Amino acid sequence: MAAPKTAIVPTRSEDYAQWYQEVIKAADLAETSPVRGCMVIKPWGYGLWENIQQNLDARFKATGHKNAYFPLFIPLSFMQREADHVEGFAKECAVVTHHRLEPDADGQLQPAGELEEPLIVRPTSETIIGEMFSKWIESYRDLPLLINQWANVVRWEMRTRLFLRTAEFLWQEGHTAHATEQEAVDETLQMLDIYKEFAENTMAMPVITGAKSEGERFPGAVETYSIEAMMQDGKALQSGTSHFLGQNFSRAQDITFQNDNKEVEFAWTTSWGVSTRLIGALIMSHADDDGLVLPPRLAPSHIVIIPITFKADDPDAILNYCHKLAADLGVLNYHGRNVTVEIDNRDIRGGEKTWGWVKKGIPIRLEVGPRDMESDSVFMARRDKGHKEKQGVPREEFITTVTDILDEIQQGLFDRAVARRNEATQTIDSKEDFYKHFEGDGSGFVYAHFCGDPAVEDEIKGDLKVTLRCIPLHGHDEEGTCIFTGKPSKQRVLWAKSY
RNA sequence: CGGGGUGUAGCUCAGCUUGGCAGAGCGCUUGUUUUGGGAACAAGAGGCCGCAGGUUCAAAUCCUGUCACCCCGACCA
């Protein structure tokens, strides 16, 4: 059978949605599960999540946050406390009403032992963490309170897609309380910056930071900020959010403290999170028609060594050579963790083995056979280059330059993603051009002046499925007139079709 | 939740219109020959035809219901 031209069928241009699913399958990241809307994250995919966790957690700790854990179940009455919050989440909550199973006459297990008050499975934890904050906070001396939790949450979505939107997903949710409004706003923006920095530096995924419009705001928040990334099909993906909650939740949940003037005040709170959706963002930022492409700083493994032993006089010598090489590489430090090496000595054909690693997106593949061992070198292929661009490199040279090569790959992925985004970004100055652009196949980011009227936003969404992604924080201050209403506008805002 | 589509071997699917022994390719197992970028041959293993009812001498096939997944909407990290 002739090899297909691409490892992934269909390609991105043929059927993007299908391509996305095939990449996940081919890279062995995750599968759908017997439970509707829930996914099984497999080792290679979970390895990505572990690296996301490790990297972000260090950033949270460095800015003074501590991890804690709160219950999966939230009393129904807690959800009731903040009106907007209720409205935002009520429709997608899983509800626990019983605490026991009993066999019926036919021996079928039936729920029994009805709970006095139903519990909901957390869709987010503002309410239960707020409840605890109200107990923990008494004095201004208890503030700021900076807490993060790594957890799973459940939102009963109508339509799900692996990583992008699943009924259960993994995330972190930071929750903080502050004595002053300014401090809480600063915290909100600080965490947004950390997300941006993480996305760009670690994931090699450029993002735009900005504020959400009223309609796109987190239920109960005063202000929601997000990082918005551009996927390869020209659709935007909200990849992380940071909310300034004002005193809305502290009023609803009685989070008060006494200030140094003996007065009782409501605390100012924030919350912020990123989820396993980031893995979807990663795939759609970097993967190509041959499968996943991983930025080295997030890759579960950096290098795979494939021993070529089939026609060697002494296969063990090659294996030993590979193990020694792996050990030499494994002590190198690459951005806070050791270089991670796999030796793939599975007894399968070389081509199949190689393509497996291509599809998994490992940054560097090394083939080591008798000829290489003899010349004390390795045969290197990079995932960011063509499959045939392999080159022999002396072993010593490879060891001394490998972290530079990884950085070069990392930087290359970022540059490529920036270039793609720039190409998919334009500035538009009339309603007519705006509609012309987005009707049909139009995609990408569009900067346009906007007066801020929510009704106009709804209309555009209805007409074109285009939403206001964010009101960018940096670099777009410029007086103008709204292209939809002609009213004055202080700056251009960011529009796109989105996930 | 509305519209459309699909459920048959681990995977991709044929068979269904017109009811009559459960099929193919890939993958898997074993063996031989191969092997520096998706190997060849041979012999095997593997299915409650999504699930539950119904019609019939007989159901993968017809009827009813139900569940799941995919695509398009509405909603969302």
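Order of the sequence lines fixes the chain letters, A, B, ..., with proteins taken first and strands second; residue numbering starts at 1 for each chain. Given the structure is predicted, the values throughout are model-derived calculations rather than measurements.
When heavy atoms are screened at a 4.0 angstrom cut-off, T166(A) is found touching base atoms of the nucleic acid. Looking at heavy-atom distances under 4.0 Å, G37(A) makes contact with sugar-phosphate atoms alone, never a base. V153(A) comes within 4.0 angstrom of nothing in the nucleic acid, heavy atoms only.
Computed from coordinates, the M284(A) CE to rA77(B) P distance equals 15 Å when rounded to whole Å. In this entry the distance linking OH of Y20(A) with C1' of rC71(B) reads 16 Å, nearest Å. In this structure, D15(A) places its CG atom 9 Å from P of rC71(B), rounding to the nearest Å. Atom C1' of nucleotide rG37(B) and atom NZ of K388(A) are separated by 8 Å, given to the nearest angstrom. Rounded to an integer number of Å, the gap from R371(A) CZ to rG36(B) P is 10 Å. Remark: P of rC28(B) and CD of E352(A) are 6 Å apart, rounded to the nearest angstrom. Atom-to-atom, CD of E31(A) to P of rA68(B) comes out at 19 Å; the value is rounded to the nearest Å. The distance between atom CG of L278(A) and atom C1' of rA77(B), rounded to the nearest whole Å, is 9 Å.
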Identify the pairs formed between an N or O of the protein and an N or O of nucleotides 72-76 of chain B at a distance under 3.5 Å, and give each distance.
from, atom 1, to, atom 2, distance (Å)
rC72(B), OP2, R159(A), NH2, 2.5
rG73(B), OP1, K465(A), NZ, 3.1
rC76(B), O2', E157(A), OE2, 3.2
rC76(B), O2, R165(A), NE, 2.3
rC76(B), O2, R165(A), NH2, 3.1
rC76(B), N3, R165(A), NE, 3.2
rC76(B), N3, R165(A), NH2, 2.4

When you compare the protein's N or O atoms with those of nucleotides 10-13 of chain B, which come within less than 3.5 Å of each other, and at what distance?
none

Between protein and nucleic acid, restricted to nucleotides 29-35 of chain B and to nitrogen or oxygen atoms under 3.5 Å apart, what atom pairs and distances do you find?
from, atom 1, to, atom 2, distance (Å)
rU34(B), O2, R349(A), NH1, 3.3
rU35(B), O4', R349(A), NH1, 3.2

List, with names and distances, any nitrogen or oxygen atoms from the protein found under 3.5 Å away from nitrogen or oxygen atoms belonging to nucleotides 2-5 of chain B.
none

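Nucleotide rG73(B): paired with rC1(B) (Watson-Crick or G-U wobble, both distances less than 3.5 Å). With both pairing distances under 3.5 Å, rA59(B) is matched to nothing as a Watson-Crick or G-U wobble pair. rA68(B) is paired with rU6(B) under the criterion used here, namely a Watson-Crick or G-U wobble arrangement in which both key atom distances are under 3.5 Å. Pairing for rG31(B) is with rC41(B), a Watson-Crick or G-U wobble pair whose two hydrogen-bonding atom distances lie under 3.5 Å. Figure legend. rC11(B) is base-paired to rG25(B); pairs are counted as Watson-Crick or G-U wobble with both atom distances under 3.5 Å. In this structure, rG19(B) makes no Watson-Crick or G-U wobble pair, since no nucleotide meets both defining distances under 3.5 angstrom.
Separating the C1' atom of rG7(B) from that of rG47(B) is a span of 14 Å, rounded to the nearest Å. Taking atom P on both rA14(B) and rG54(B), the two are 30 Å apart, rounded to the nearest angstrom. Rounded to whole Å, the separation between the C1' atoms of rC26(B) and rA9(B) comes to 12 Å. rU6(B) and rA45(B) are spaced 29 Å apart, taking the C1' atom of each and rounding to whole Å. Comparing the C1' positions of rA52(B) and rA68(B) gives an interatomic distance of 15 Å, to the nearest angstrom. Nucleotides rA59(B) and rA40(B) place their P atoms 41 Å apart, quoted to the nearest Å. Nucleotides rC21(B) and rU17(B) place their C1' atoms 22 Å apart, quoted to the nearest Å. With both ends at atom P, the span from rC69(B) to rU30(B) equals 36 Å, rounded to whole Å.
Contact record, I120(A) with C93(A): CD1-SG, 4.1 Å, taken as the closest heavy-atom pair. For A167(A) against T160(A), the heavy-atom pair with the smallest separation is N-CG2, 4.0 Å. Between V23(A) and L292(A), the shortest heavy-atom contact is CG1-N, 3.8 Å. I208(A) and R421(A) get closest at one heavy-atom pair: CG1-NH1, 3.6 Å. R420(A) and R12(A) make their closest contact through NH2-NH1, 4.1 Å (heavy atoms, listed as atom of the first residue, atom of the second, distance).
In the displayed structure, D376(A) atom CG is contacted under 6.0 Å by more than 12 heavy atoms of other residues, nucleotides or ligands. By the 6.0 Å contact criterion, CD on E87(A) is open, its count of non-hydrogen atoms from other residues, nucleotides or ligands being 12 or less. Residue E214(A) places its CD atom among 12 or fewer non-hydrogen atoms of other residues, nucleotides or ligands, all under 6.0 Å distant.
W272(A) has its ring centre less than 6.0 Å from the ring centre of F60(A). Within the 6.0 Å centre-distance limit, the rings of F434(A) and F438(A) are counted as a close aromatic pair. Checked against the 6.0 Å centroid threshold, F218(A) and F89(A) count as a close aromatic pair.
Below the 3.5 angstrom threshold, one finds a donor paired with an acceptor across the side chain of K390(A) and the base of rG37(B).
In this pair, F484(A) and F450(A) present their aromatic rings perpendicular. The plane angle is above 60°, beyond the 30 to 60° band.
Scanning for ring-ring contact (aromatic ring centres under 6.0 Å, His included) contacts around F169(A) gives W171(A), with sequence neighbours left out.
Remark on RNA chain B: of its neighbouring residues S239(A) and S33(A), the 5'-side contact belongs to S33(A), judged by nearest-heavy-atom nucleotide. Along RNA chain B, the nucleotide nearest to Q18(A) and the one nearest to E168(A) differ in position, and the one closer to the 5' end is contacted by Q18(A).
Minimum atom distance to the side chain of A7(A) is reached by rG38(B), of the listed rG36(B), rA77(B), rG38(B).
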Output, in order, the C-alpha distance, side-chain angles, deciding distance and verdict of ring pair (Phe, Tyr, Trp, His ring centres under 6.0 Å) for W495(A) and H437(A).
CA-CA 11 Å; W495(A) 302 89; H437(A) 173 71; over 10 Å; no
Working for ring pair (Phe, Tyr, Trp, His ring centres under 6.0 Å), residues F249(A) and H85(A)
CA-CA 9 Å; F249(A) 281 85; H85(A) 200 62; 5.0 Å; yes
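With hydrogens and angles left out, the side-chain atoms of W150(A) and D57(A) include a donor and acceptor closer than 3.5 Å.
Remark: E31(A) CD to I24(A) CD1 distance equals 11.0 Å, nearest 0.5 Å.
Cation-pi geometry between R81(A) and F78(A) is satisfied (NZ or CZ under 6.0 Å from the ring centre, within 45° of the ring normal). K390(A) forms no cation-pi arrangement with F379(A), by the criterion of a distance under 6.0 Å to the ring centre and an angle within 45° of the ring axis.
Within residues 190-204 of chain A, no residue has any heavy atom closer than 4.0 Å to RNA chain B.
The aromatic ring of F169(A) stacks onto the base of rA77(B), its centre lying under 5.5 Å from the centre of the six-membered base ring with the two planes under 30° apart.
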